[in-house]
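Proteins get letters first, then strands, A, B, ... in listed order; numbering begins at 1 in each.
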There are 2 protein chains.
Amino acid sequence: MPDGELNTGLLLYIPYRWLENRVFQALAEAGFDDITTAQMKIMQRIGPDGTRLTELAEQAQVTKQTAGFLVDQLEKAGWVERVPDPTDRRARLVHIAPRGLEAIPVATAAVKAAEAEWEAHLGTRRMAQLRRLLAELREITDPYA
Amino acid sequence: MPDGELNTGLLLYIPYRWLENRVFQALAEAGFDDITTAQMKIMQRIGPDGTRLTELAEQAQVTKQTAGFLVDQLEKAGWVERVPDPTDRRARLVHIAPRGLEAIPVATAAVKAAEAEWEAHLGTRRMAQLRRLLAELREITDPYA
DNA sequence: GGTATTAAGTCAGAGACTCTGACTAATGTC
DNA sequence: GACATTAGTCAGAGTCTCTGACTTAATACC
């Protein structure tokens with residue numbers, strides 16, 4: 001699978017991976033050095049009022065068992081906590097714990113900084129255009145849009 | 001890390017992942033059902049004249065050991081073969097083997113079909129624009145550009 | 001030429017991620 | 001109340017990835 005002209009998949013992946021590296025590095029520098037990318041993919045999808053394991057699994061595109069494993073790790077490390085779902089006694093809601101709340105601004109700042117670099121390179125107008133195009137692509141590629 | 005407005009990272013990742021799924025599915029349907037995504041990330045980076053393990057490792061952003069492990073798997077399954085590098089007796093070049101060559105058109109067709117769907121959704125002009133913007137982003141995010 | 005450093009790759013071991021299959025308990029349907 | 005569905009867990013196996021130590025070949029420098 002040689003390239004010729006790089007396919008759009010790789011063109012999407014390269015900046016994605018770069019951004020992920022940046023966030024990871026920023027977290028590590030701030031002392032949050034015990035989180036993994038797989039765990040981050042779960043964290044990212046926890047809503048403000050908590051989210052069920054099954055829903056996290058679907059959105060992260062992994063099995064319930066995998067999501068359960070990752071939430072176990074996140075819980076042990078103090079990033080999240082599980083609380084009973086008042087509306088369904090089978091279910092529990094995964095919430096972001098205090099330690100997780102501390103990490104959010106660090107991650108957010110890293111993303112913002114990276115996006116600012118991109119905007120400086122592309123120009124404000126074209127960066128907005130890029131986001132708009134990607135948002136449109138999401139309409140046909142994200143089952144949870 | 002709840003969303004608000006989805007960060008650009010996730011906006012890049014969603015279509016990337018969707019495309020990867022498509023290719024994977026197309027390969028499986030064509031009978032190439034014994035390749036993994038990690039192996040594909042290596043395959044994708046093999047040049048027409050073969051590529052060294054170290055270079056594959058760097059570009060795929062994994063250690064030499066990991067790349068070696070993946071190439072072992074790919075070799076066992078007949079996707080690639082290793083041949084001595086005539087210019088350096090320490091090195092070997094990873095080449096795509098006959099079976100790998102058969103899979104390429106299947107993967108390529110899946111990518112093309114997916115890109116066509118995107119183009120139908122965005123319009124020709126805007127799809128080209130998207131690719132142009134991503135290519136520009138690559139300039140500052142791909143150390144191997 | 002000869003020694004030191006660097007580069008390509010392997011071996012060994014451990015930890016992290018992910019899956020399939022089988023299961024329990026609570027909920028929903030008729 | 002019986003039956004199917006949904007949320008989640010337990011157990012086991014395979015895959016991916018890393019760190020550290022090593023071998024062999026090439027390169028740098030004197």
Side-chain angles (χ1 to χ4, degrees), chain A residues 13 17 20-21 24-25 27-28 32-47 49-77 79-95, chain B residues 13 17 20-21 24-25 27-28 32-47 49-77 79-95:
Chain A
Y13 184 68
R17 181 71 191 257
E20 187 183 70
N21 287 157
F24 204 73
Q25 192 185 336
L27 285 168
F32 301 114
D33 57 354
D34 58 339
I35 191 166
T36 68
T37 57
Q39 289 165 14
M40 251 195 281
K41 277 190 185 117
I42 294 290
M43 277 289 274
Q44 236 179 358
R45 286 161 170 96
I46 299 174
D49 301 323
T51 305
R52 287 188 188 178
L53 190 64
T54 304
E55 201 179 332
L56 291 175
E58 279 175 6
Q59 294 196 19
Q61 299 191 53
V62 295
T63 59
K64 288 186 299 182
Q65 293 91 322
T66 298
F69 171 84
L70 292 170
V71 169
D72 283 349
Q73 312 303 312
L74 287 166
E75 200 171 25
K76 272 181 208 151
W79 301 109
V80 307
E81 53 202 5
R82 289 191 243 224
V83 304
D85 183 334
T87 72
D88 187 336
R89 268 190 302 160
R90 287 170 306 179
R92 290 194 281 170
L93 292 172
V94 179
H95 274 277
Chain B
Y13 184 69
R17 181 71 191 257
E20 187 183 69
N21 288 157
F24 205 73
Q25 192 185 336
L27 285 169
F32 301 113
D33 58 353
D34 58 337
I35 191 167
T36 66
T37 58
Q39 288 166 14
M40 250 194 283
K41 279 192 184 113
I42 294 291
M43 277 290 274
Q44 236 179 0
R45 287 162 170 93
I46 299 175
D49 302 322
T51 305
R52 286 189 190 178
L53 189 65
T54 304
E55 202 179 332
L56 291 175
E58 279 176 7
Q59 294 196 18
Q61 299 191 52
V62 295
T63 59
K64 288 187 296 180
Q65 292 92 322
T66 297
F69 172 84
L70 292 170
V71 170
D72 283 346
Q73 313 301 313
L74 288 167
E75 200 170 24
K76 272 180 209 152
W79 301 109
V80 307
E81 53 201 5
R82 290 191 242 221
V83 304
D85 184 333
T87 73
D88 187 335
R89 269 190 302 160
R90 288 170 305 179
R92 288 193 282 169
L93 291 171
V94 179
H95 275 277

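Distance B/Phe24 CZ to D/dT15 P: 12 Å, rounded to the nearest Å. Taking atom CD of residue B/Gln59 and atom P of nucleotide C/dA8, one finds them 13 Å apart after rounding to whole Å. Remark: C1' of C/dC17 and CD1 of A/Ile35 are 15 Å apart, rounded to the nearest angstrom. In this structure, B/Met43 atom CE and D/dC16 atom C1' are separated by 18 Å, rounded to whole Å. Between A/Gln73 atom CD and D/dT9 atom P there is a gap of 13 Å when expressed in whole angstrom units. Following rounding to the nearest Å, B/Lys64 (NZ) and D/dT23 (P) show an atom-to-atom distance of 14 Å. In this structure, the CG atom of B/Leu70 is 18 Å from the P atom of D/dG14, given to the nearest Å. In this structure, A/Asp72 places its CG atom 18 Å from P of C/dG15, rounding to the nearest Å.
Expressed to the nearest 0.5 Å, how far CG of B/Leu74 lies from CG of B/Leu56 amounts to 9.5 Å. Between the NZ atom in B/Lys76 and the CD atom in B/Gln73 there is a gap of 4.5 Å [rounded to 0.5 Å]. Taken to the nearest 0.5 Å, the CG atom of A/Asp85 stands 12.0 Å off from the CG atom of A/Leu53. Note that CG of B/Asp33 is 10.0 Å distant from CG of B/Leu27, once rounded to the nearest 0.5 Å. Here the NZ-OH distance, from A/Lys41 to B/Tyr13, works out to 4.0 Å after rounding to the nearest 0.5 Å. To the nearest 0.5 Å, the span separating CZ on A/Arg17 from OG1 on A/Thr37 amounts to 7.5 Å.
Within the 4.0 angstrom heavy-atom criterion, no nucleotide atom of any strand lies near B/Glu58. Here B/Asp85 lies out of heavy-atom contact (under 4.0 Å) with every strand.
OP1 or OP2 of C/dT10 has at least one side-chain nitrogen or oxygen of B/Arg92 nearer than 4.0 Å. The shortest distance between the side-chain N/O atoms of A/Arg89 and the OP1/OP2 oxygens of D/dT6 is not below 4.0 Å. The phosphate of D/dA7 has neither OP1 nor OP2 within less than 4.0 Å of any side-chain N or O from A/Arg82.
Although no hydrogens or angles enter the test, the distance criterion places a donor-acceptor pair under 3.5 Å between the side chain of B/Arg45 and the main chain of B/Gln59.
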Could you walk me through whether A/Ile35 and A/Met43 pass side chain to side chain contact (heavy atoms under 4.5 Å, CB included), step by step?
-> CA-CA 10 Å; A/Ile35 191 166; A/Met43 277 289 274; 4.2 Å; yes
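Interface remark: the B/Arg90 side chain does not form any donor-acceptor pair with the D/dT24 base, using a distance-only criterion of under 3.5 Å.
Considering only heavy atoms from C-beta on, A/Leu93 stays 4.5 Å or farther from A/Asp49 through its side chain.
Take the nearest nucleotide of DNA chain C for A/Thr37 and for A/Thr87: the residue whose nucleotide is more 5' is A/Thr37.
In this structure, of D/dA26, C/dA16, D/dT15, it is D/dT15 that holds the atom nearest to the side chain of B/Phe69.
For the segment residues 50-57 of chain A, residues with any heavy atom less than 4.0 angstrom from an atom of DNA chain D are, sorted by number, A/Arg52, A/Leu53, A/Thr54.
Minimum heavy-atom separation, B/Ile46 to B/Val94: CG2-O, 3.4 Å.
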Which protein N or O atoms sit under 3.5 Å from an N or O of nucleotides 18-20 of chain D?
residue, atom, partner, partner atom, Å
D/dC18, OP2, B/Thr63, N, 2.9
D/dC18, OP2, B/Thr63, OG1, 3.2
D/dC18, OP2, B/Thr66, OG1, 2.9
D/dT19, O4, B/Gln65, NE2, 3.4
D/dG20, O6, B/Gln65, NE2, 2.4

